[in-house]
Amino acid sequence: MSYVNAAVRKKDAVSLVSGKPVYTGDMVPQNSLMVKILRSPHAHAMIEEIDVSRAMQVPGVVCVLTHHDVPHSRYTTAGQTYPELSPYDKLILDPHIRCAGDPVAIIGAETTQAAEKAMKLIKVKYQVLPALIDYTQAIDNPIIVHPEDDFKVLVPVINAEPKRNICSKGGFSFGDVEAEFAACDVVLEQTYNTKANNQTMMEAFATFSYIDAFGKLTIVSSTQVPFHVRRIVANALEMPKSNIRVIKPRIGGGFGAKQSAVSEVFPSLVTMKTGRPAYLVFTREECMTNGSPRHQMQMKVKIGATRDGHIRVIDLYAISNAGAYGEHAPTTIGLVGHKSLSLYGSLRAARFSYDVVYSNTMGAGAYRGYGATQGIYAVESAVSELADKLGIDPTVLREKNMVREGQIMQAYYNEPCNSCALDRCLKTAKEMMHWDEKFPVRKLPNGHLHGLGVALAMQGSGISGVDIGAVELRLNDDGFYTLLVGCTDMGTGCDTILSQMAADILDCDIDNIAVRGVDTDQSPYDTGSYASATTYVTGGAVVKAAEKLRAKILETGADILGVSPEKAEFDGKQVTDTETGKSISLREIGYITCNGSRQLLSSHESHSSKVSPPPFMVGMAEVDIDPETGKVTLMDYVAVVDCGTVINKNLARVQTEGGIAQGIGMALYEDIQYTEDGRMMNNSFLQYKIPTRLEIPPIRVEFESSYEPTGPFGAKSIGELVINTPSPAIASAIRAATGIAFTSLPITAEKIAMGLLHQKEHE
Amino acid sequence: MQITVTLNGRRCTDEVAPDMTLYSYLRQKGCYSVKCGCETSSCGLCTVHFDGKPVLSCSMLAVRADGHSVTTLEGVEQEALEFGKFLADEGGEQCGFCSPGFIMNVLAMVKELPDPTDEQIKHYLAGNLCRCTGYQSHLRAIKKYLAAKQKEAVR
Amino acid sequence: MFSAQQYVKATSLQQALELNQKRSSAILGGGCWMRLGKKNYATLIDLSGLGLDTIEETPEEIVLGAMVTLRQLETSPVLAAAFGPLFARMTEHIVGVQFRNCATLGGSVVSRFGFSDIITGLLALDCEVELVQKGRVSLADYVQMPYDRDVLARVILKKNGRRAWYESFRNTETDLPVLNCAVSCLNGSARVVVGARPARAVMQEFGQMPSEQRLQEMLDKTEFGSNMRAGAEYRRQLAGVLCRRAIEQVKGDAECR
């Protein structure tokens, strides 16, 4: 093995650092119509009248579409395997406006200027309705977000009750929760709040569409889920999937945002109506107000332990804000419980229950971590508070209780924990942070406070029994390979990672593998890149396909040499008759298989997994707090990760650093706020502050690898896991430094300064 | 309005609208490396050199470029690649969408600050947002690049 | 983004003033803030051909052209020699180097935004603005004047040995300030400026460097407001903290002891 576990440069790196035109917006056909969307200023309203006649007169305007002009089948934009758990609760254009920014009209014009001019000339008469903004008041509220009769649920298990504003409800439990609490010496209850973070990938949602030579609607889009987009657009436009083709070029980041078909339907509709190519790129404001952000949640944790530090029971309740539409809402909520409670192998009982509700705020979607981030923030914060209450160091309390290899994870579908180096992760992290010397808090001569915080985290590796990835591997003339994949590299480097795996199995130079994805008419099926699936699931398919092709090469080479395959070997360059030493090069085999005398050599394999083995990690934060201003300066962040075998050292490290930086934004800065009537105030990069490089401390990453028997080369996932520790670790560090539990994110300087002021007044 | 701009070393004379941004003009001229990440002058993706200084091409009008020189990544491809390779060797380009603007500002920084400290680097580049990397790999790449440049200079 | 029908590169300040009399006209600064608006202008007036991009020193004054960029303010050796790190401190948090290479002093001063770092910093100095029509006006008076059609040509700083220090607090390092303040002293008397309240900066003169109590009195009668960045109470708290820190810094300056 030479590439797996090495720091291999990404195969597309040179084109990216040279600024080559490889993104959706760089390839828009010359004669495309520019698409703009008129959006509602109101959070809740009915469109009574809409007049587009003046807009249509603007020179260059080709179409202005309203709810009268669009198909009336409800659909979901959630990119999930059919039948989706997300309700079909959306129309392309709906006279019932459910959140500020809901689309009202779609304009196609020769220029952006013409489209914008037309937008101003569309006359809309709204009946403005009272809006439901506080999602904690949603259930049985007189304001009903989805009163429509054609609201459709494909999978009844989600328990939707739209007339009560409930998108989904449910839960799970094991053991005797009440009896365990009764047996505990210490019981702690706390409520935690998280906000609707925006992914803010640097490339906005962008799509263009055209009719290709075969009369097919072709969609080129910045998406994580090309195959799902094909179905979603087919549903929305009421057309056969066979008449739609989706192409994914390079993607400027996704982080889950592009696991929903946020932009694809609009230009597709314009193309179908006009026959013209059409291009839509969201403004940053649209990305902020009508993208697909993290679900805002409130979580109540009740946790019980014996005096000696045995955590016996956790009861977790979460209410999640779906916002106006239920994309990913019934599925994100499950991870709140599964991926937090499973961190503790010591639990004798646990319960998770939830409500997911509709409101008149923007619809949420998938964001890296997908519910696990919120759940782990709540449970890990509670565990740290419990440690204080017990008078036990929070790392020691975790050592005593955390999940270990070989255990059955009762809150995780009873999956066995086959690979887990969480214990080693914690040990290494403590050493790196000098935890024992530094914990809990130091007051500096300048009056500043230093605190340390720790958190554990886990995620999954794909969706068990649902996610599937297929690849095709071909030997070409001249002896190079083509690797066709349907998963979507969104900058993470999966095209490279999968090539590394193939190269190691085929014993070839990685440059000898041409990797390509995704075109739904040409690429093998893949559910897409989300749920931390690609390395683990699609990687599994690569291993199978490469091994199979290797065997075929050996067979064919042996056949050409006139020996049986058992008496020949393939070293990646040539097939050799082990007895005579006679050999034939891969290059020659390539030519011979292409000249008609033998079968072409290729392999096509798909892979899915019955389990979703969790990667684990430990995060530790050291904070400095200026008690007068409340300013938090992160001094240091230590992350020790068990993602199984690390396939690409660089990319795994950068994933970790990037995920932690996003988590830091969630913990301290990113603060979506609404006006009373439901308009988002933080609708730009000027007002929604993601961390710059000045906010991010040194992030020190180490790997403590377990070996996952079901994973390719022993690998698990890493992409989502890494966003989960900053919120609880930083919150705990701030609590250690100040003695105050700040339980609503983000923990702003204002909250800290005012909290310390009140604390002083009480003393 | 007619403007004459020295774009990547070539004189270009073009007709532009008075409210056309330099960003739109550059994209129209085929400089696709120049990206837009926001509409509020906040992200740095559209960074180009204006008479050698890094500016936000989204915030500047094309008419202002009349009689000036503008350089995009396309105009400094070799220099950009020289640093870009260090970035790539850290995996620090990730999705790559912010890379051109970032690289243009790194090249400007290197000209302005001969031997920057980590803090100076972070301050100079604070206007370049990136959501993928957490910025650590950027710093590693810059330090290795600077060290390599210094070594070369000594030779 | 705004739209515009016409662009004129002014050949004289007088021409700029004449063109600017129409309500549909606007003087183009760096464009960084202007682009956030969606106005439709008939005429954009560009001052960039008038040599207003220089920082010039006379024995008594430093004269800053309206088109001087924020980055020039930040890096000017002339300003650093006269006022120490003041100008670097009041500019270095503004978005990024590229932004500061675009945004102009004139744009910052004319806009008179409540959150302005520039206005707060300049108010601590003995500063005048030179308007084409009205001539020289003190900055303190200018910030109180309503927006009109006059054209700002220059900003003039008196080189009288006034020492000043600037503090700001921001939720993230390059965000708009939650609060800013500047304190200066000249011949024993002092001036305290508090801005980003979030409304426009207020200032007060003191016969000597204000005591804790005198500062508190000033802040007690200063109004603070709430917006999405922070609440009024926190701003009041910050104002006290930042002013005290600035006062300590100025006290530490040999010229002010």
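In what follows, chains carry the letters A, B, and so on, assigned in the order in which the sequence lines appear, proteins first and then strands, with residues in each chain numbered from 1.
Considering all non-hydrogen atoms of both residues, Tyr234(C) and Met754(A) come closest at CA-SD, 3.7 Å. When all heavy atoms of Asn171(C) and Tyr669(A) are compared, the closest pair comes out as O-CE2, 3.3 Å.
Neither the backbone nor the side chain of Arg236(C) comes within contact range of chain A; no heavy atoms are under 4.5 Å apart. Proximity to chain C (any heavy atom under 4.5 Å) is shown, for Glu750(A), by both the backbone and the side chain. Residue Lys751(A): no heavy atom, backbone or side chain, is found under 4.5 Å from chain C.
Environment of CD in Gln208(C): sparse, with no more than 12 heavy atoms of neighbouring residues, nucleotides or ligands closer than 6.0 Å. The local environment of NZ in Lys9(C) is crowded, with over 12 non-hydrogen atoms from other residues, nucleotides or ligands closer than 6.0 Å. Taking a 6.0 Å sphere around CZ of Arg149(C), one finds it holds more than 12 heavy atoms contributed by other residues, nucleotides or ligands.
Between the side chain of Gln237(C) and the main chain of Ala753(A), no donor-acceptor pair closer than 3.5 Å is present.
From Asp175(C), atom CG reaches atom OG1 of Thr692(A) across 10.0 Å, with rounding to the nearest 0.5 Å. Distance check, rounded to the nearest 0.5 Å: NZ of Lys38(C) to NZ of Lys120(A) gives 8.5 Å. The line from CE of Met228(C) to CD of Gln673(A) is 7.0 Å long, rounded to the nearest 0.5 Å. Distance check: Glu173(C) CD to Lys689(A) NZ gives 11.5 Å after rounding to the nearest 0.5 Å. Note that CG of Leu179(C) and OG1 of Thr629(A) are 11.5 Å apart. Values are rounded to the nearest 0.5 Å.
When side chains are defined from C-beta on, Leu36(C) counts as touching Leu686(A), because their heavy atoms get closer than 4.5 Å. For the pair Arg245(C)/Glu628(A), a side-chain contact is recorded, criterion being any heavy-atom separation below 4.5 Å from C-beta on.
Among Glu116(A), Gln113(A), Lys631(A), the residue making the largest number of heavy-atom pairs under 4.5 Å with chain C is Lys631(A). Each of Gly96(C), Gly240(C), Ala230(C) has some count of heavy-atom pairs under 4.5 Å with chain A, and the biggest count is that of Ala230(C).
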Intermediate values then yes/no, side chain to side chain contact (heavy atoms under 4.5 Å, CB included), Gln687(A) and Arg229(C): CA-CA 9 Å; Gln687(A) 311 293 19; Arg229(C) 283 186 170 69; 2.7 Å; yes
